[in-house]
Amino acid sequence: MDRKIVLITGATSGIGEACAKKFAKGGYNVILTGRKVDRLKALAEELQAQGAQTRVLVFDVRDRVAALKAVDSLEEEWRKIDVLINNAGLALGLDKEYLGNPDDWSVMIDTNIKGLLTMTRLIVPDMVRRNHGHVINIGSVAGDAAYAGGNVYCATKSAVKALSDGLRIDVADTCVRVTNIKPGLVETHFSITRFKGDEKKANHVYEGIHPLSGDDIADVAYYAASAPEHVQIAEVLVLATHQGNGTVVSRDPNRKEHLS
């Protein structure tokens with residue numbers, strides 16, 4: 001195929017969906033992965049209407065066997081992946097660590113860490129063999145320091161940073177590049193998932209600040225992938241203007257209007 005190929009995990013909404021649209025617009029063919037087949041197919045049709053070729057792979061990154069079968073199902077020409085975006089991830093709850101739900105811990109660890117490792121293991125060996133490719137991991141400012149109630153989620157995003165740094169070391173003798181993007185407050189389905197569908201709690205997270213959007217992070221991912229081959233953008237911290245770090249946010253009820 002004349003166009004480059006990007007594979008995006010968690011492409012059904014938010015940052016993943018925004019990345020799919022951005023890379024398709026930039027001339028990539030797109031492999032969309034996620035758990036919700038209807039959303040993936042609808043997005044695939046939208047991208048195809050814009051001229052991109054697509055493939056849809058329906059699986060949960062927590063399921064290593066399903067991920068392997070899905071990747072193995074790709075036609076040969078679709079296996080030459082230029083960019084892997086490890087985006088699938090989530091937070092569940094804001095309980096104190098000693099009161100946390102072990103099932104929630106398992107979902108976060110299995111998705112945010114093991115899922116990323118699974119996709120890296122499936123895709124990167126061929127990048128190394130071809131001496132070409134780029135891995136973009138979607139980390140978080142939460143990986144820099146823990147915040148109240150974030151304990152396990154913060155730990156998983158700290159792991160994403162360590163795994164990104166470790167992979168970058170491991171492929172330093174090749175032309176494969178590794179980028180860790182660390183967003184701050186991004187208004188997506190993230191908080192609704194964290195609060196298990198409680199939209200009132202989710203909306204409170206973004207009150208009084210103009211948060212980032214999935215498109216903002218997609219722009220950064222595309223910029224990193226578009227850098228000259230000898231340039232490796234190793235890590236990018238992206239915050240909303242009035243967010244100082246993972247815990248400091250200056251809120252003003254009228255601020256959204258100010259920045260619109």
Side-chain angles (χ1 to χ4, degrees), residues 9-10 12-16 18-19 35 60-62 85-120 136-166 179-214 216-217 220-221 234-252 255:
T9 66
T12 54
S13 63
I15 293 172
C19 284
R35 295 175 298 164
D60 188 329
V61 293
R62 293 179 295 167
I85 301 181
N86 279 315
N87 165 73
L90 77 167
L92 292 172
L94 274 174
D95 296 322
K96 293 180 183 296
E97 188 171 325
Y98 60 87
L99 297 174
N101 183 330
D103 290 335
D104 288 347
W105 297 345
S106 294
V107 172
M108 287 186 280
I109 292 169
D110 290 349
T111 304
N112 301 358
I113 300 176
K114 294 181 180 179
L116 180 147
L117 281 169
T118 291
M119 297 308 299
T120 299
I136 299 177
N137 292 329
I138 304 299
S140 173
V141 63
D144 289 344
Y147 57 76
N151 41 78
V152 174
Y153 173 71
C154 293
T156 66
K157 290 304 184 178
S158 180
V160 171
K161 173 177 169 54
L163 292 171
S164 300
D165 292 345
T179 300
N180 180 27
I181 300 177
K182 305 186 299 184
L185 285 172
V186 184
E187 190 168 14
T188 63
H189 204 266
F190 177 87
S191 289
I192 293 177
T193 299
R194 161 167 262 168
F195 296 114
K196 300 180 180 179
D198 190 329
E199 293 190 16
K200 185 176 180 180
K201 284 185 178 180
N203 291 336
H204 180 69
V205 174
Y206 309 108
E207 286 179 354
I209 187 170
H210 190 136
L212 302 168
S213 68
D216 295 324
I217 307 307
V220 176
E235 187 170 282
V236 185
L237 174 63
V238 191
L239 302 176
T241 296
H242 297 285
Q243 180 177 14
N245 57 26
T247 59
V248 176
V249 179
S250 173
R251 299 182 186 274
D252 178 341
R255 184 158 286 142

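Just so you know, residue 1 is the first one in the sequence shown, and it goes up from there.
Tyr206 places a side-chain N or O within 3.5 Å of a backbone atom of Val186 that can act as its donor or acceptor partner. Within the 3.5 Å criterion, the main-chain N or O of Ile138 finds a donor-acceptor partner in the side chain of Lys157. Proximity of a side-chain donor or acceptor of Asn137 to a complementary backbone N or O of Lys161 within less than 3.5 Å is not detected. The backbone N or O of Ala88 lies less than 3.5 Å from a partner atom in the side chain of Thr9, making a donor-acceptor pair. Of the possible polar contacts, one joining the Asn87 side chain to the Gly10 backbone as a donor-acceptor pair under 3.5 Å is found. A donor-acceptor pair is defined here as one N or O able to donate and one able to accept, closer than 3.5 Å; no such pair exists between the side chain of Arg194 and the backbone of Leu92. The closest donor-acceptor contact from the side chain of Arg62 to the backbone of Lys114 lies at 3.5 Å or more, if one exists at all. The backbone N or O of Asp95 sits less than 3.5 Å from a side-chain atom of Asn151, completing a donor-acceptor pair.
Put simply, CG on Leu237 and CD on Gln243 are 8.0 Å apart, with the number rounded to the nearest 0.5 Å. Here the CG-CG distance, from Leu163 to Asn180, works out to 9.5 Å after rounding to the nearest 0.5 Å. We find the NE2-NE2 distance between His242 and His210 to be 10.0 Å, quoted to the nearest 0.5 Å. Atoms CG and CG, on Asp60 and Asp110 in that order, are 9.0 Å from each other to the nearest 0.5 Å. Atom OG1 of residue Thr179 and atom CD1 of residue Ile181 lie 6.5 Å apart, to the nearest 0.5 angstrom. Note that CG of Asp252 and CD1 of Ile209 are 10.5 Å apart. Values are rounded to the nearest 0.5 Å.
Pro183 and Ile15 make their closest contact through CG-CD1, 4.3 Å (heavy atoms, listed as atom of the first residue, atom of the second, distance). Counting all heavy atoms, side chain and backbone alike, Pro102 lies closest to Gly100 at CD-O, 3.3 Å. A pairwise comparison of heavy atoms in Ala146 and Cys154 identifies CA-SG, 3.7 Å as the closest pair. Between Pro211 and Ala240, the shortest heavy-atom distance links the atoms CA-CB, 4.3 Å. In terms of heavy atoms, Gly246 sits closest to Tyr147 at O-CD2, 4.2 Å. Between Met108 and Ala91, the shortest heavy-atom distance links the atoms SD-CA, 3.8 Å.
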Met119 and Val61: CA distance, side-chain angles, deciding distance, side-chain contact (heavy atoms from CB on, under 4.5 Å) verdict:
CA-CA 8 Å; Met119 297 308 299; Val61 293; 4.3 Å; yes
Before giving the answer on side-chain contact (heavy atoms from CB on, under 4.5 Å), spell out for Ile192 and Glu199 the whole-Å C-alpha distance, their side-chain angles and the decisive distance to 0.1 Å.
CA-CA 6 Å; Ile192 293 177; Glu199 293 190 16; 4.2 Å; yes
Step-by-step side-chain contact (heavy atoms from CB on, under 4.5 Å) determination, Asn112 to Leu90:
CA-CA 7 Å; Asn112 301 358; Leu90 77 167; 3.7 Å; yes
Starting from the C-alpha separation in whole Å, work towards a yes-or-no answer on side-chain contact (heavy atoms from CB on, under 4.5 Å) for Phe195 and Leu94.
CA-CA 8 Å; Phe195 296 114; Leu94 274 174; 3.6 Å; yes
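Here the options are Asp216, Val141, Val220, the test is side-chain contact (heavy atoms from CB on, under 4.5 Å), and the partner is Val238; only Val220 passes.
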